[in-house]
Amino acid sequence: MSNIAGRVREVFRGDQRVDADALIARLDAVRRFLTAVDGLLPDADLVPAHTLVERAGTRLALSRDHTVVALAGATGSGKSSLFNALAQLELSPVGVRRPTTGVTHACVWGPLEGANHLLDWIGVLPRHRFVRESALDADDETALHGLILLDLPDFDSVQRSHRLEVDRLLGLVDQVVWVVDPQKYADRVIHDSYLREFHRHREVTLVVLNQADRLPPAEVPRVLDDLRRLLDTDGLTGVPLLATTAIDPAGMVGLRNALERTVAERQAALRRLAGDVDTVVAGLDELVGSARPAGGPDDTAVNGLNRALAGAAGVPAVTEAVERAYRHRAGAATGWPVVRGWRRLRPDPLRRLHLPGPTGDQADPAESLVAATSVPDPTAAQRSALGLAIRAVADRAAADLPAAWPGAVTSAARSRLGDLPDALDRTIAGTDLGLDRRPLWWRFVGGVQWLVTLAAVVGLGWLVLGYALRALGLPALDNPMVGQVPLPTVLLLGGLLAGLLVAALTRPVVRWAARRARARADQRLTARVAQVGDEYVLTPVRIVLSSYAQARDALRDAARR
């Protein structure tokens, strides 16, 4: 056994200590990541992270004075023999029947009371818990006080429940001792399904070639070298590799020393959780990557969205109505007083759309329950243009994001699509179109029209009175003359011609002012519609981008060791 003893003194890994506060900070970063991506990424991709946060919180809340070490291996590897040899008691059944270990056995060095909560969480039944504490030991077992050694079922058991139990416990223990035997140490099951998966837990992984006494002494180094090569291929470079035999105390020295050092350091639980964080972070990294997203969609996409929203909201129809309403109201204010009443009998163009009428009135409340306005519904082409514009916003915003995020951005951009029509309609109805105040020049022109109309009426009345007096044989009125034309005739014809001239001069001014009113209304409506787009489309997109940035920063913090 001298060759075996010489090979068990390999340097044990795990010299780097894990700071508990730093580990808690990394776990908190994982929690922040989960909060940031909640509802944005598929739940199936986040299961390992949720499991880690829950498991780590529970493990750290339980005893930090105990170290849980599991003996894991295939059928016939001699796990139970090692378990009994370390405990120096016959605790786990050993025999030729396979599989022998059907349930997990636990041996606790030190008082059992302090370990019960931890064993309850792990799931070891009370009747399978044993205490390695004896007055005959004196201080021989003091170095292992705090050790909880588990003998797991065989991972290659024909009973599926055994394999599931092994997989569950391997996710809970602090350290794993993989037990292989000279005949099956190269078996693909243990390497492909288990050892390779522990490459980020090298600091809490130990491999022992058990039953080394069955090999000729000269063969032990060769088998260990071959096993080391396989472990390096599995990504377990530097993991301690020991040769053991349960029938010779000298063959247990290296394993026991390794366990004593693990117990003394009180680092296994922290190292295991640190390795779990590394594994989870590596799995989440492809979901986040390192892209730094923009603050939102670019101006081109936003301008396209605003144009599409304006079209869907009926802004062109409203602005056209504003121009016609301006002409209608200006004509009513600046036209001949004798025909203004006829203009007022014609409905105001804005009133037809349930927009503010000539006096700023709105539609009846009963009508408002159905729709805020009567602006025509968007056409199929306008709806299609809006959908394409929203998609363009999402695509531009998510252009640099990893594959998992564009879908979340698109969903956010479309999340309030069903509320857009009502929001746009309310916005159109509530926008000040700039027609509430009457321009001063309307008052001036209207006053001039009243003056010339009054002059025409006075001239007409004067002439009628003169004809009436002559018809009655009464002395005629002495009409003042303006040149060769009587004053009443000047007043009548002058009033009529002046009214026509004022109307002719005012008409192009009204058209120009109406176009300005239309442009002003278009500007106001577009700005208000853009606010709706910002609230209903752009803000949800920015929230997702902000969540991505938070998730990326949180994952970066979680990766720091």
Side-chain angles (χ1 to χ4, degrees), residues 4 8 66-110 112 115 118-119 122-134 137 140-141 143-157 162-163 165-166 168-170 172-182 184-185 190 194 204-214 240-263 268:
I4 297 176
V8 297
H66 290 86
T67 302
V68 183
V69 178
L71 298 178
T75 303
S77 61
K79 293 185 293 77
S80 298
S81 298
L82 280 183
F83 181 80
N84 293 334
L86 288 169
Q88 299 178 25
L89 296 170
E90 292 294 326
L91 302 179
S92 186
V94 179
V96 296
R97 182 175 57 87
R98 300 291 183 245
T100 301
T101 306
V103 295
T104 302
H105 294 77
C107 183
V108 180
W109 274 258
L112 183 60
L118 192 53
L119 288 171
I122 292 173
V124 178
L125 297 176
R127 64 177 178 272
H128 297 136
R129 305 174 187 177
F130 306 96
V131 179
R132 184 61 181 88
E133 193 78 20
S134 172
D137 292 327
D140 294 344
E141 301 298 318
L144 291 179
H145 274 204
L147 173 65
I148 300 177
L149 187 65
L150 304 182
D151 181 19
L152 304 187
D154 304 325
F155 64 74
D156 61 347
S157 173
H162 291 184
R163 299 195 302 272
E165 178 70 357
V166 171
R168 183 185 70 83
L169 290 171
L170 288 177
L172 300 177
V173 299
D174 302 330
Q175 181 170 327
V176 181
V177 177
W178 293 98
V179 182
V180 298
D181 63 89
K184 295 165 56 177
Y185 72 88
I190 187 173
Y194 290 97
V204 290
T205 300
L206 178 65
V207 180
V208 298
L209 178 66
N210 195 29
Q211 301 172 353
D213 54 296
R214 297 185 179 182
L241 173 58
L242 311 175
T244 60
T245 176
I247 64 174
D248 186 349
M252 300 293 295
V253 172
L255 178 57
R256 183 178 176 90
N257 289 342
L259 294 177
E260 288 178 355
R261 179 171 177 174
T262 297
V263 171

Under the side-chain contact (heavy atoms from CB on, under 4.5 Å) rule, what do Leu82 and Thr244 come out as? Steps first, then yes or no, please.
CA-CA 8 Å; Leu82 280 183; Thr244 60; 4.0 Å; yes
Value rounded to 0.5 Å, distance of CD in Gln211 from OG1 in Thr245
8.0 Å
Closest non-hydrogen atoms of Leu209 and Pro182, given as atom of the first, atom of the second and distance, are CD1-N, 3.8 Å
Apply salt bridge (Lys or Arg N to Asp or Glu O under 4.0 Å) to the pair Asp181 and Arg214, showing each step before the final yes or no.
CA-CA 9 Å; Asp181 63 89; Arg214 297 185 179 182; over 6 Å; no
First locate atom OG1 of Thr205, then atom CG of Leu241, and finally report the distance between them rounded to the nearest 0.5 Å.
12.5 Å
List the residues meeting salt bridge (Lys or Arg N to Asp or Glu O under 4.0 Å) with Arg168, not counting sequence neighbours, and say none if there are none.
Glu165
Do you know the tightest heavy-atom contact between His128 and Val103?
CE1-CG2, 3.3 Å
Okay, side chain of Gln175, backbone of Leu206: is any donor-acceptor separation there less than 3.5 Å?
no
State whether the side chain of Lys184 and the backbone N or O of Ile190 hold a donor-acceptor pair below 3.5 Å, judged by distance alone.
no
Search all heavy atoms of Val124 against all heavy atoms of Ala106 and return the closest pair with its distance.
CG1-CB, 3.9 Å
Closest heavy-atom pair, Ala74 versus Phe155, reported as atoms and distance to 0.1 Å, is N-CE2, 3.3 Å
CG/Leu259 to CG/Leu86 distance, rounded to the nearest 0.5 angstrom?
6.0 Å
Heavy-atom closest pair (Leu71 atom, Lys79 atom, distance to 0.1 Å) is O-CD, 3.5 Å
Among residues at least two apart in sequence or on other chains, which ones pass side-chain contact (heavy atoms from CB on, under 4.5 Å) with Leu112?
Val108, Asn116, Leu119, Arg129, Val131
Please tell me if the side chains of Leu149 and Val69 come closer than 4.5 Å, counting only heavy atoms from C-beta onward.
yes
Interatomic distance, Ile148 atom CD1 to Thr67 atom OG1 [nearest 0.5 angstrom]
8.0 Å
Restricting to side-chain hydrogen bond (donor to acceptor under 3.5 Å, both in side chains), what partner residues turn up for Asp174, sequence neighbours left out?
Arg59
Quick one: side-chain contact (heavy atoms from CB on, under 4.5 Å) partners of Ala72, sequence neighbours excluded?
Leu152, Leu170, Val176, Trp178
From His145 NE2 over to Glu260 CD, what is the distance, rounded to the nearest 0.5 angstrom?
11.0 Å
Find out whether Ser77 and Asn210 are in side-chain contact, i.e. whether some heavy atom of one side chain is under 4.5 Å from a heavy atom of the other.
no
Kindly indicate whether the side chain of Leu118, heavy atoms from C-beta on, has any atom under 4.5 Å from the side chain of Val68.
yes
Quick one: pull up CZ in Phe130 and CG in Asp151 and give me the separation to the nearest 0.5 Å.
10.0 Å
Which residues pass the side-chain contact (heavy atoms from CB on, under 4.5 Å) test with Arg163, not counting sequence neighbours?
Arg160
Closest non-hydrogen atom pair, Ala85 against Ala246
CB-O, 4.0 Å
